[in-house]
Amino acid sequence: MLSIRKIWAVARVSLLELLRRRDVYVALILAVVLVVPLSTVNFFGVEGIVRHLREVSLLLIWLFSVVIAITTAARQIPGELQRRTILPLLARPIRRSEVVLGKYVGSALAASAALLLFYLCYVLLTGLLSEPQAETTRMQATLMHMDMTMGQAILMHLAFVWLLTAMTMAGSLILTVSANLTCCALVAVGMLLFGEQLPKIADQAVFPASWIVRLAHYVLPHFEFYDSRVRLIHEWGAYDWGVLAIVLLYTLLYIAFLMIFSTLVFNRKRL
Amino acid sequence: MPEAIRIDNLGKTYRGEQEALRNFSLTVEQGEVFGFLGPNGAGKTTTIKILLGLLDASYGSVEIFGQDPRQPATRRQLGYLPEIANYYEFMNVVELLRFYGNLSGLTRAALETRIDQVLGLVGLEEFRRRSLRRFSKGMLQRTGIAQALLHDPKLLILDEPMTGLDPLGRRQLREIIMDLRQQGKTVFFSSHELSETEVVCDRFGILRDGELCWCGKPGEVVGDGEVNLERIFLRMVNQPALAPKNRQAAV
């Protein structure tokens, strides 16, 4: 039986490390990078810029979330092994699965907090920059941007971050830190850009490329499911809750699989 | 009453490497202070890792108080001091002890009391809030001793505990070990400090090339009447003991 107290204790250490090592400032710097261009757009007096502005800022949020999720998760367990802090840790009455889960929870929470900070900046700025309708104040216009579609988009993005964190953590147990960072970034960005087109690409490719692409389609996580940017930009409205539930279930199953895989690999790791 | 440590015909071969341990058997009784000696690469750390359940044996078995050390519940009775004192340098000593205490299942009230007690024992009370990054090697070693004692374990496994300690620290550690023996705790430690080991241990084992080549008590006569631990150690690991003249030169 897994102990929540032990998992949370390990997660807290991961969070404390990110906070004390000032890694959290990276998120703040990225948030400033996001805020500055947004806040200067009206300075140039461009008409109807808000839609384009949303597109650019959402793209930045997605890029930053990939960077933060990968860099946070990639060095959690390798860092413990490298510093040799893993020995006194595992000499305690703790299961290796609890260490893996604790590290995962810590990384996922840190990446989620950074993502929520980005969305807060986004909602505030896009709201404040948009022209208020008649009989609405600027604050009301800002709050209107925090509707159901936005809530669902943030939830989908959080699910993306949790899955990417799990994938990176699994990768960190079989690859070196730099190889893992590269592979995870390629898979995340590649699937976001081409995930939907993989079957078509496989049909047009010749053997063995067609097989490789088809294998990638069936094996790699479909990160494009989580991308709600177009829906937000063009105001297409909220998802059907059934669709959202299926995507979240897919996420949970994939995370569970990756955590089991990570635990099995970590159990066999030579210390 | 089961032995504190029971090792039966233990062997460990790392993949693609030579045997680290070979047919190694040993028992350590409860309440005993056992010194585990051997030259570098003899297999001491491998043995300790197997005792802690951190490494699987290739053959043979290990029991701690009659239980498998790979089970987390068994490790509740163990305190471990690693050879190299590496802890989370972004924490202070109290945060570190709270973390380990939570993992050991101590209640919040008991944990705070134990933290005060062990910090007093190792002389780190006045450095409670100082970051571990700013600790000296000796202070880190004391931190290691504090975390090993934190949950009041029945068995302490210390890997080179004297490393990095100044004479005062060594004397304190010696007193801690003596005190633990009086409390009926079992202490199993590896060391290169033969003189220190001789003072505190009830029994020694000397490991050479993964095999236990000698096990006995201090002052026990071996072979041709030798009772000096250093000479026994050097003879057992196949190195000639220094002649008195050469020893003076070495000093």
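Labels below follow one simple rule: chain letters A, B, ... track the order of the sequence lines, proteins then strands, and each chain is numbered from 1.
- Shown here is B:Arg108, whose CZ atom has no more than 12 heavy atoms of other residues, nucleotides or ligands within 6.0 Å.
- Only the side chain of B:Glu89 comes within less than 4.5 Å of a heavy atom of chain A; its backbone N, CA, C and O stay farther away.
- Looking at A:Glu80, only its side chain comes within 4.5 Å of chain B, counting heavy atoms on both sides.
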Exercise for the section: Would you please test B:Phe36 and B:Phe189 for ring-ring contact (aromatic ring centres under 6.0 Å, His included) and show each step? Expected result: CA-CA 6 Å; B:Phe36 195 46; B:Phe189 74 94; over 10 Å; no

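- Contacts between B:Leu54 and chain A at a heavy-atom distance below 4.5 Å involve backbone atoms as well as side-chain atoms.
- Proximity to chain A (any heavy atom under 4.5 Å) is shown, for B:Ala85, by neither the backbone nor the side chain.
- For A:Arg92, the parts sitting under 4.5 Å from any heavy atom of chain B are the backbone and the side chain alike.
- Among B:Leu52, B:Asn102, B:Leu96, the residue making the largest number of heavy-atom pairs under 4.5 Å with chain A is B:Asn102.
- For chain B, no part of A:Ile86 is nearby; none of its heavy atoms comes within less than 4.5 Å.
- Neither the backbone nor the side chain of B:Gln77 comes within contact range of chain A; no heavy atom of the residue lies under 4.5 Å from a heavy atom of that chain.
- Taking the charged nitrogens against the carboxylate oxygens, B:Arg203 and B:Glu32 do have a contact shorter than 4.0 Å, which makes a salt bridge.
- Note that A:Arg96 lies in the cation-pi zone of A:Phe266, set by a 6.0 Å cut-off to the ring centre and a 45° limit from the axis.
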Exercise for the section: Go through the steps to decide whether B:Glu95 and B:Arg98 satisfy the test salt bridge (charged side-chain N to carboxylate O under 4.0 Å, His left out), and finish with yes or no. Expected result: CA-CA 5 Å; B:Glu95 288 168 337; B:Arg98 273 198 198 119; over 6 Å; no

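- Comparing B:Ile84, B:Leu81, B:Thr74, B:Leu106 by heavy-atom pairs within less than 4.5 Å of chain A, the highest count is held by B:Leu106.
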Practice task
Give the C-alpha distance, both sets of side-chain angles, the deciding distance and a yes or no for salt bridge (charged side-chain N to carboxylate O under 4.0 Å, His left out) between B:Arg70 and B:Asp56.
Solution key: CA-CA 8 Å; B:Arg70 288 172 297 182; B:Asp56 286 335; 3.5 Å; yes

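- With 3.5 Å as the limit, one finds no donor-acceptor pair spanning the side chains of B:Ser58 and B:Tyr14.
- With a threshold of 4.5 angstrom between heavy atoms, B:Tyr100 approaches chain A through its backbone and through its side chain.
- Each of A:Leu16, A:Val10, A:Leu19 has some count of heavy-atom pairs under 4.5 Å with chain B, and the biggest count is that of A:Leu16.
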Problem - Stepwise side-chain hydrogen bond (donor to acceptor under 3.5 Å, both in side chains) check, A:Glu17 with A:Gln76 - result: CA-CA 10 Å; A:Glu17 180 177 15; A:Gln76 289 293 329; 5.0 Å; no

